[in-house]
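Only this structure's heavy atoms are used, side chains among them; waters, hydrogens and symmetry mates stay out. Lettering of chains follows the sequences in order, A, B, ..., and the numbering in each one begins at 1. Source: prediction; values computed, not measured.
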Amino acid sequence: MMNEQTIPPVHQPPDPKNWVAMYADYLFAYTITRIQDEEQARDLVQETFLAGLQGLQKYAGKSSERTWLTGILKNKIIDVYRKKSSGLKTQEINTADGEVLDFFNGTDGHWKQEHRPQNFGLNDFDPLANKELNQVLQRCMRKLPALWLSVFTMKHMDDEETDVVCAELRISSANFWVIIHRAKLNLRACLQKNWM
Amino acid sequence: MSDFKDIIYNCRQATYLIEKRELIKLTFKEQIELRMHLVGCDMCKLYVKQSRKINEMVKQLLKSDMRHTIRLDDDFKNALQTQIDDQLNKN
């Protein structure tokens with residue numbers, strides 16, 4: 001039995017009763033921008049709170065409650081990425097080209113006429129002020145193959161080290177660069193197509 | 001020299017290097033190759049700008065007003081709250 005008085009005073013006692021009110025929307029938004037699947041995002045938020053409850057003793061009050069919960073959530077999101085992408089890797093990289101389009105001529109590597117970048121005003125928009133553009137962007141992200149989206153968001157949204165992304169998703173660094181390149185080509189093309 | 005010739009006309013390779021450059025330092029050879037390509041290729045020059053803009057947009061997706069518009073519905077939150085309360089009462 002644990003004697004309450006021996007527990008060292010924590011800087012900031014956890015307050016799970018208020019978690020839903022304080023953090024549920026934040027954690028949900030955090031998840032949805034990364035996995036683009038509402039149903040799964042809800043599940044992850046729920047799992048995060050439950051894992052948090054079970055790990056209450058581990059919360060030392062060193063970081064804010066929100067940071068701590070976000071850390072738990074982040075690991076769960078990586079698990080999802082991993083599950084979605086395992087086994088599909090080579091297949092996706094090979095077949096996606098056929099489906100998703102090849103933007104360049106096979107012989108000389110020039111842009112194909114119909115895929116050439118055009119000025120569609122992207123750089124004039126203030127993304128903070130432009131909700132619609134953000135929505136188009138998210139729709140375009142959702143079209144990417146799961147593994148590509150995972151690599152892309154871990155790198156560009158979460159600023160993870162390349163080594164970490166490769167290790168977590170179990171891909172080679174050569175594949176990492178191929179994916180980063182193709183994901184961006186497809187995103188850009190999708191924005192151009194849907195925003196012009 | 002044939003290597004250089006390849007990249008000067010190859011937009012596939014150039015865009016690959018452009019993406020790489022955003023994240024790590026290119027080798028000296030790659031830097032030269034890319035620079036030579038960009039001198040003569042307006043399409044890839046535009047690609048550079050658009051690609052950076054997309055990075056910027058993705059980075060601030062979460063910070064944008066999305067955070068205020070994406071919300072969990074109350075039913076789900078209430079169910080969640082009940083679940084947490086149950087757990088807390090068990091302990």
Side-chain angles (χ1 to χ4, degrees), chain A residues 16-17 19-21 24-30 32-34 41-42 45-46 49-50 52-54 56 102-105 108-111 116-120 122-123 125 127-131 133-135 137-138 141 152-153 155-157 159 162 177-178 180-181 183-185 187-188 191-192, chain B residues 5-20 22-24 37 41-74 76-91:
Chain A
K17 269 207 150 319
W19 281 357
V20 174
D25 286 325
Y26 171 83
L27 294 176
F28 183 63
Y30 183 97
I32 206 88
T33 48
R34 287 164 174 77
R42 283 160 179 264
V45 172
Q46 183 181 27
F49 283 142
L50 295 179
L53 282 178
Q54 273 166 5
L56 274 183
D102 193 352
F103 300 96
F104 305 98
N105 289 326
D108 57 9
H110 273 307
W111 288 100
R116 289 182 178 171
Q118 297 175 44
N119 205 332
F120 57 104
L122 181 64
N123 291 76
F125 282 104
L128 281 172
N130 204 305
K131 246 191 255 176
L133 184 58
N134 275 334
Q135 279 163 2
L137 174 64
Q138 288 189 287
M141 286 171 73
F152 189 81
T153 43
K155 191 66 208 179
H156 285 294
M157 217 181 255
D159 265 330
T162 301
W177 292 112
V178 170
I180 284 284
H181 182 213
K184 183 62 77 54
L185 285 171
L187 265 187
R188 199 213 62 81
L191 279 172
Q192 176 166 301
Chain B
K5 223 175 158 190
D6 282 349
I7 172 80
I8 290 174
Y9 299 108
N10 192 325
C11 301
R12 184 201 303 274
Q13 178 64 9
T15 51
Y16 177 83
L17 291 179
I18 288 166
E19 292 306 328
K20 213 167 168 181
E22 287 298 310
L23 300 173
I24 58 166
H37 181 91
C41 184
D42 287 341
M43 281 176 282
C44 287
K45 260 187 247 169
L46 178 59
Y47 179 91
V48 172
K49 277 198 212 159
Q50 294 181 336
S51 172
R52 280 196 189 137
K53 180 73 174 189
I54 292 170
N55 286 354
E56 204 183 294
M57 285 168 63
V58 168
K59 275 226 169 70
Q60 57 74 55
L61 258 189
L62 190 67
K63 295 179 207 142
S64 74
D65 53 0
M66 242 207 55
R67 185 168 11 163
H68 306 291
T69 51
I70 290 190
R71 293 199 172 284
L72 279 164
D73 56 278
D74 288 338
F76 185 77
K77 281 191 200 167
N78 291 337
L80 213 51
Q81 187 68 53
T82 312
Q83 202 177 7
I84 289 177
D85 291 341
D86 287 351
Q87 285 287 329
L88 286 173
N89 291 335
K90 243 192 265 170
N91 301 334

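Of the two parts of B:L72, the backbone and the side chain both hold a non-hydrogen atom closer than 4.5 Å to a non-hydrogen atom of chain A. Proximity to chain B (any heavy atom under 4.5 Å) is restricted, for A:F152, to the side chain, taken from C-beta onward. Both the backbone and the side chain of A:L122 come within contact range of chain B, with heavy atoms under 4.5 Å apart. Of the two parts of A:Q135, neither the backbone nor the side chain holds a non-hydrogen atom closer than 4.5 Å to a non-hydrogen atom of chain B. Heavy atoms closer than 4.5 Å to chain B are found in the side chain of A:D159, but not in its backbone. Contact annotation for A:L191: only side-chain heavy atoms (C-beta onward) come within less than 4.5 Å of a heavy atom of chain B.
Going from atom OH of B:Y47 over to atom CZ of A:F103 covers 9.0 Å, rounded to the nearest 0.5 Å. Interatomic distance, CG of B:L46 versus CZ of A:R188, reported as 7.0 Å (0.5 Å rounding). Rounded to the nearest 0.5 Å, atoms CG (A:L50) and CD (B:Q83) are 4.5 Å apart. To the nearest 0.5 angstrom, B:Q60 atom CD is 9.5 Å from A:M157 atom CE. With values rounded to the nearest 0.5 angstrom, B:E19 atom CD is found 6.5 Å from A:H181 atom NE2.
Put simply, of A:K155, A:Q54, A:Q192, the one with the most heavy-atom pairs under 4.5 Å next to chain B is A:K155. The greatest number of non-hydrogen atom pairs below 4.5 Å with chain A, out of B:A79, B:S51, B:C44, is found for B:S51.
Between B:R12 and A:D102, some side-chain heavy-atom pair lies under the 4.5 Å cut-off. Contact check for B:R52 versus A:N123: no side-chain heavy atoms found under the 4.5 Å cut-off. The side-chain heavy atoms of A:W111 and B:T15, taken from C-beta on, include a pair separated by under 4.5 Å. Looking at heavy atoms from C-beta onward, B:N55 lies in side-chain contact with A:K184 at the 4.5 angstrom threshold. Side-chain atoms of B:L23 and A:W177, non-hydrogen and from C-beta on, do get closer than 4.5 Å to each other.
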Item to complete: Start with the C-alpha gap between A:K17 and B:D85, add the side-chain angles, then the distance that decides, and say whether side chain to side chain contact (heavy atoms under 4.5 Å, CB included) holds.
Response: CA-CA 7 Å; A:K17 269 207 150 319; B:D85 291 341; 2.9 Å; yes

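Between B:M43 and A:P117 the shortest heavy-atom distance is O-CG, 3.6 Å.
Not one N or O on the side chain of B:Q50 forms a donor-acceptor pair closer than 3.5 Å with the backbone of A:N119.
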